[in-house]
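A, B, ... follow the sequence lines: proteins, then strands. Residue 1 opens every chain.
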Amino acid sequence: MRVLQLHTDWIEYEPIKKEIKNAEECEKKRYRLEDLVVLFVSVEKGDNEETAKRLVDEVAAFMKKLKANRLLIYPYAHLSSNLAKPATALRVLKAMEKHGKEKKIETYRTPFGWCKQFSLAIKGHPLAEQLRVITAEKPEKEKREEKVSEALKAEEKLRSYWYIIEPNGNMVPVEEFDFSKHESLEKLARYEIAKSRAVQQMPPHVKLMRKLEIADYEPGSDPGNFRWYPKGALIKSLLEQYVTAKVIEYGAMEVETPVMYDFQHPSLAKYLDRFPARQYVVKSEDKELFLRFSACFGQFLMAHDTQISYRHLPMKIYELTRYSFRREKSGELVGLRRLRAFTMPDCHALCADLQQAKDEALRRFDLCVEILEEGLELVKGEDFELAIRFTKDFYDENKDFVKALVKKMGKPALAEMWKQRFFYFVLKWEFNFIDNLDKASALSTDQIDVENGERYGIVYVDEKGEKRHPLILHCSPSGAIERCVYAMLEKAYRQQKRGKPPMLPLWLSPTQVRIVPMSENYLSHAEKIASEIEKHRIRVDIDDRALTMQKKVREAETEWIPYVIVVGKKEIESETLPVRDRKAGKIRKMKLKELVREIKDITAEKPFKPLTLPKHLSQRPQFYG
RNA sequence: GCCCCCGUAGCCUAGCCCGGUUAAGGCGUCAGCCUUGUAAGCUGAAGAUCCCGGGUUCGAAUCCCGGCGGGGGCUCCA
């Protein structure tokens, strides 16, 4: 039971609305009490009449000192995340009230189960505000001492120390940092450290992913396994091609490995013991298999069987995992932000030693920035922030490397330091996207792994002919592809809130140019223009439906189409076209050639896929809404 | 996993608290009219296992229990 105890001059409250079905009956009016102690009470699991009594005894003793004799018990769920069931809570609250009255205290209680409005005035003295926590276990103190040692050890290892590292390498404790010019970094820090959020709202991208016919829940599958509509499949596929091309350009060897692995395989069994509950399990004849949660297994098993010389290092292997599976707890799944089946580009680099690993990591850092900035059109320091996590030992010996990362970022970064190594890596960094609910989620990430080379028996032969285990870098240059879509949608929503038109990058827009004929009389002219544009590998479609031009323009706008061209009488007679430019927010008179040139310039060096929907809107089914 | 909230045509919503004729409206779809100059033209039609299962009741979209799905919070995040 958690209780906020406030000594007040007065409190006023008014029941507004029932929040639960079995709420108590009461009169909806304004109540006022003066000169009293208010107890905001969260009844937690395990609490009972006994706890209630003990708490009231404590409070009564305190009130005696204050010479107060009026008490209000106010059910208040927000103090705890481990609440008792409503029926139990009500019973406990009633017990408190009864016991208070028995102690000759003038005791009141506000109705349970209501959304109430209240205002109060707290007395100014030092004892006026107090928190009380009472648990059901009786021999509190003895128990605590004997049990804690195990847990304490783990906690000491996991205890995090938070800092901000500035581009010049300065490291300041997070509470001393001036965040005034670093709003999104502050959000990241607050999210990572305090995890305090109060918003009760669906994330904006969930609505958008459906409205734009990108992706949707698939009730016929397991939660977190999505269906992708044609437009979404196109976007996703383009992103996959783009990231893959970038990683190959960086020098990785693309491979493909199985999605399921044998629990009994010696290299895997030990590793998995640490994470028993989070995989999908597949039974096949006498075997039990788990679905991979990254490309690590397949690639490490492959590397185990590979003849590697120091000359080959750093050796880069890449796979676009479609899919990786993590059976995240159901309460964790949120739209495209966190899924149970997701597509993750995963690039490992086997490195001879720490120096090589650090050099390589810096190269990959650049790759990651490029993908987010040029590919997804996200802005460093605004849409995403750098977080670096490392052990104290690693930091002490490799300060220059950590500084180099922050310097590359060019913005202050959040740092988390552990006294001891608990995970298999000594350092990891991520780019965290901050969404409209101020939540952070990792996109690009890289880690320096010091354990798995040995665990998987991966060896290379060094200059002296001796066998050695490599260090392994684990990098997802973009993060999960689905999460990239989430980030772009959240960003678009943010743009809209700021009065700018929401858009996807041009190279990812399913329709890049839409032709709207004024009436069917101009359809053939529209066809001509469309096929001319199409020749240049630009996705174009034609709204040939029997609707008014205004309506068709409106729909093109709600579909976020970057360029819309209305074709009528004038366009047959003239060379210039009125191009409705979404980004510019105006109609630009352009020659067809100029428009094509502009689009080709903007989308240069990005992959292209033709439209995967019927070119004519009249031929197109509606997948959502 | 735990706590809270939600689930009504393809979509969005009303009705539910306080049980009672054919479950209401908008968007979309279909048919027809209109042939349009840059963000919603007009008329009509079709379209609902009221998430699923059980219970209470003469009677359940409505009340109760269980499940499934979604959202939020907590915890966790290789």
Side-chain angles (χ1 to χ4, degrees), chain A residues 17-23 25 42-45 77-86 89 113 115 158 192 195-203 206-207 210-211 213 216-224 271-272 274-275 277-279 292-294 296-297 324 326-335 338 344 346 422-425 428 430 437 439-442 445 447 449 451-452 474 476 501 514 516-523 545-559 561 564-571 578-582 586-587 621-625:
Chain A
K17 199 180 161 224
K18 281 189 184 176
E19 270 190 327
I20 56 172
K21 276 172 189 151
N22 42 348
E25 289 311 318
S42 286
V43 181
E44 300 183 287
K45 252 186 236 124
H78 317 288
L79 298 172
S80 171
S81 54
N82 185 33
L83 290 170
K85 290 201 166 163
C115 166
L158 268 173
E192 287 294 329
K195 310 240 175 192
S196 67
R197 292 138 281 174
V199 244
Q200 178 96 11
Q201 197 192 322
M202 225 212 276
V206 173
K207 242 180 192 164
R210 306 169 92 173
K211 198 193 84 181
E213 295 192 321
D216 209 341
Y217 300 104
E218 177 49 75
S221 180
D222 197 45
Y271 188 32
L272 275 164
R274 281 170 73 181
F275 311 99
R278 294 267 220 118
Q279 286 82 46
R292 66 173 173 197
F293 42 84
S294 69
C296 299
F297 313 100
S324 284
R326 299 184 190 184
R327 219 173 47 91
E328 303 287 5
K329 297 170 190 172
S330 58
E332 288 309 305
L333 303 166
V334 190
R338 180 166 294 188
M344 190 173 59
D346 200 354
F422 185 71
F423 304 112
Y424 58 71
F425 51 82
K428 102 181 234 194
E430 315 120 32
L437 273 35
K439 298 193 179 185
S441 29
T445 176
Q447 308 168 351
D449 172 354
E451 238 178 48
N452 284 309
H474 298 234
S476 185
R514 170 155 304 162
V516 175
M518 292 288 287
S519 74
E520 62 199 38
N521 300 331
Y522 307 102
L523 187 56
R545 295 172 301 170
L547 300 171
T548 59
M549 177 268 296
Q550 284 85 345
K551 178 118 184 190
K552 291 194 263 193
V553 168
R554 179 184 150 82
E555 286 196 17
E557 291 289 349
T558 60
E559 272 184 65
I561 291 169
V564 181
I565 305 174
V566 173
V567 175
K569 193 158 166 252
K570 288 186 217 160
E571 286 63 43
V579 179
R580 195 182 165 100
D581 180 335
R582 181 175 181 80
K586 60 181 183 190
I587 295 169
Q622 210 173 290
F623 290 93
Y624 180 83

- request: Look through every strand shown and name the nucleotide pairing with G69(B) as Watson-Crick or G-U wobble, where both distances are under 3.5 Å.
  value: C6(B)
task: Please state how far atom NZ in Lys552(A) lies from atom C1' in G41(B), giving the value in whole angstrom units.
output: 13 Å
query: Within this structure, what is the CG-to-P distance between Leu437(A) and G71(B), rounded to whole angstrom?
result: 13 Å
field: Closest nucleotide among A40(B), C11(B), U35(B) to the Tyr624(A) side chain
entry: C11(B)
- request: With C1' as the reference atom in both, quote the distance from C16(B) to G10(B) in angstrom, rounded to an integer.
  value: 24 Å
Which nucleotide in U38(B), U36(B), G72(B) has an atom nearest any side-chain atom of Pro203(A): G72(B)
task: Round to the nearest Å and state the distance from Leu333(A) atom CG to G72(B) atom C1'.
output: 13 Å
message: Evaluate Arg338(A) against Ser441(A) for side-chain contact (heavy atoms from CB on, under 4.5 Å), listing each step before the verdict.
response: CA-CA 9 Å; Arg338(A) 180 166 294 188; Ser441(A) 29; over 6 Å; no
His474(A) side, atom NE2; Tyr424(A) side, atom OH - distance, nearest 0.5 Å: 4.5 Å
- prompt: On a whole-Å scale, what distance lies between the C1' atoms belonging to G19(B) and A60(B)?
  reply: 6 Å
message: At 4.0 Å (heavy atoms only), tell me whether Lys570(A) reaches a base, stays on the sugar-phosphate, or touches nothing.
response: base
- request: Using atom CD of Glu218(A) as one end and atom C1' of G70(B) as the other, report the distance to the nearest whole Å.
  value: 14 Å
query: Can you tell which of U38(B), G70(B), U35(B) lies closest to the side chain of Tyr217(A)?
result: G70(B)
- request: Write down the distance between NZ (Lys551(A)) and P (U35(B)), rounded to a whole number of angstrom.
  value: 18 Å
message: Could you tell me how far C4(B) sits from G44(B) if I compare only their C1' atoms? Round to whole Å.
response: 46 Å
message: Let's see if you can work this out: which of A78(B), C77(B), U35(B) has an atom nearest to the side-chain heavy atoms of Arg338(A)?
response: C77(B)
task: Remember a base hit wins even if backbone is also touched, and classify Pro223(A) as base, sugar-phosphate or nothing at under 4.0 Å, heavy atoms.
output: sugar-phosphate
query: Using purine N1 to pyrimidine N3 plus N6-O4 or O6-N4 for Watson-Crick, or N1-O2 and O6-N3 for G-U wobble, each under 3.5 Å, what pairs with G1(B)?
result: C74(B)
query: If you pin Tyr522(A) and Arg545(A) to their nearest nucleotides in RNA chain B, which one's is more 5'?
result: Arg545(A)
query: Would you say Lys211(A) reaches G10(B)'s phosphate, i.e. side-chain N/O to OP1/OP2 under 4.0 Å?
result: no
- request: Would you kindly give the CD-to-P distance between Glu192(A) and C76(B), to the nearest whole Å?
  value: 12 Å
statement: Its contact letters, B for base, S for sugar-phosphate only and - for none at protein heavy atoms under 4.0 Å, make nucleotides 42-51 of chain B read ----------
message: For a quick check of understanding: with a heavy-atom distance under 4.0 Å over all strands, which category does Val206(A) fall into, base, sugar-phosphate or nothing?
response: nothing
query: Got a donor-acceptor contact below 3.5 angstrom from the Glu555(A) side chain to the Lys552(A) backbone?
result: no
Within-4.5 Å side-chain heavy-atom neighbours: Asn452(A) and Cys296(A): no
message: Applying a 4.0 Å non-hydrogen cut-off, can you work out what Glu571(A) is touching in the nucleic acid: base, sugar-phosphate, or nothing?
response: base
task: Give one of base, sugar-phosphate or nothing for Gln447(A), where a contact means two heavy atoms less than 4.0 Å apart.
output: sugar-phosphate
Side chain to side chain, Tyr217(A) and Val206(A), heavy atoms closer than 4.5 Å: yes
message: Which nucleotide wins on minimum distance to the side chain of Arg554(A), given the candidates A78(B), A40(B), U36(B)?
response: A40(B)
field: Atom C1', compared across G72(B) and A9(B): separation rounded to whole Å
entry: 28 Å
- prompt: If you look at every strand shown and take non-hydrogen atoms under 4.0 Å, does Leu547(A) touch a base, only sugar-phosphate, or nothing?
  reply: base
Span that lies between the C1' atom of C64(B) and that of G1(B), in whole angstrom: 26 Å
- prompt: Once you round it to whole Å, what is the distance between P of C76(B) and CD of Glu328(A)?
  reply: 14 Å
query: With sequence neighbours left out, what residues match Ser519(A) under side chain to side chain donor-acceptor pair (under 3.5 Å)?
result: Asn521(A)
message: Applying the Watson-Crick and G-U wobble criteria at under 3.5 Å, what pairs with G32(B)? Answer none if nothing qualifies.
response: C42(B)
- request: Under a 3.5 Å limit for both distances, which nucleotide forms a Watson-Crick or G-U wobble pair with G19(B), could you say?
  value: none
- request: Pick out which of Arg514(A), Arg582(A), Lys551(A) makes a salt bridge (charged side-chain N to carboxylate O under 4.0 Å, His left out) with Glu557(A).
  value: Arg582(A)
message: Measuring only the C1' atom in each nucleotide, how far is U8(B) from A61(B)? A whole number of Å is fine.
response: 7 Å
- request: Look at the side chain of Glu328(A) and the backbone N and O of Leu333(A), then say whether any donor-acceptor pair between them is shorter than 3.5 Å.
  value: no
message: Keeping Arg326(A) on the side-chain end and Phe293(A) on the backbone end, is there a donor-acceptor pair under 3.5 Å?
response: yes
field: By side chain to side chain donor-acceptor pair (under 3.5 Å) - contacts of Asp346(A) (at least two apart)
entry: none
query: Closer than 4.0 Å, any side-chain N/O of Arg580(A) to the OP1 or OP2 of A39(B)?
result: yes
- prompt: Hey, which of these two, Lys569(A) or Lys428(A), hits RNA chain B nearer its 5' end, going by closest nucleotide?
  reply: Lys569(A)
query: How far, in whole Å, is G7(B) from U13(B) if one measures between their P atoms?
result: 10 Å
task: Scan Glu557(A) against the nucleic acid and name what it touches under 4.0 Å (heavy atoms): base, sugar-phosphate only, or nothing.
output: base
- prompt: How long is the line joining CZ of Phe623(A) and C1' of G28(B), in whole Å?
  reply: 15 Å
- prompt: Is the phosphate of G41(B), meaning OP1 or OP2, less than 4.0 Å from a side-chain N or O of Thr548(A)?
  reply: yes
- request: Among A78(B), A40(B), G71(B), find the nucleotide with the atom closest to the side chain of Phe425(A).
  value: A78(B)
- prompt: Going through the checks in order, is the side-chain contact (heavy atoms from CB on, under 4.5 Å) test met by Lys428(A) and Thr445(A)?
  reply: CA-CA 7 Å; Lys428(A) 102 181 234 194; Thr445(A) 176; 4.1 Å; yes
- prompt: Quantified in whole Å, what is the P atom distance between nucleotide C50(B) and nucleotide U21(B)?
  reply: 15 Å
Nucleotide nearest Asn521(A) when distance is taken to its side chain, options A40(B), U35(B), A39(B): U35(B)
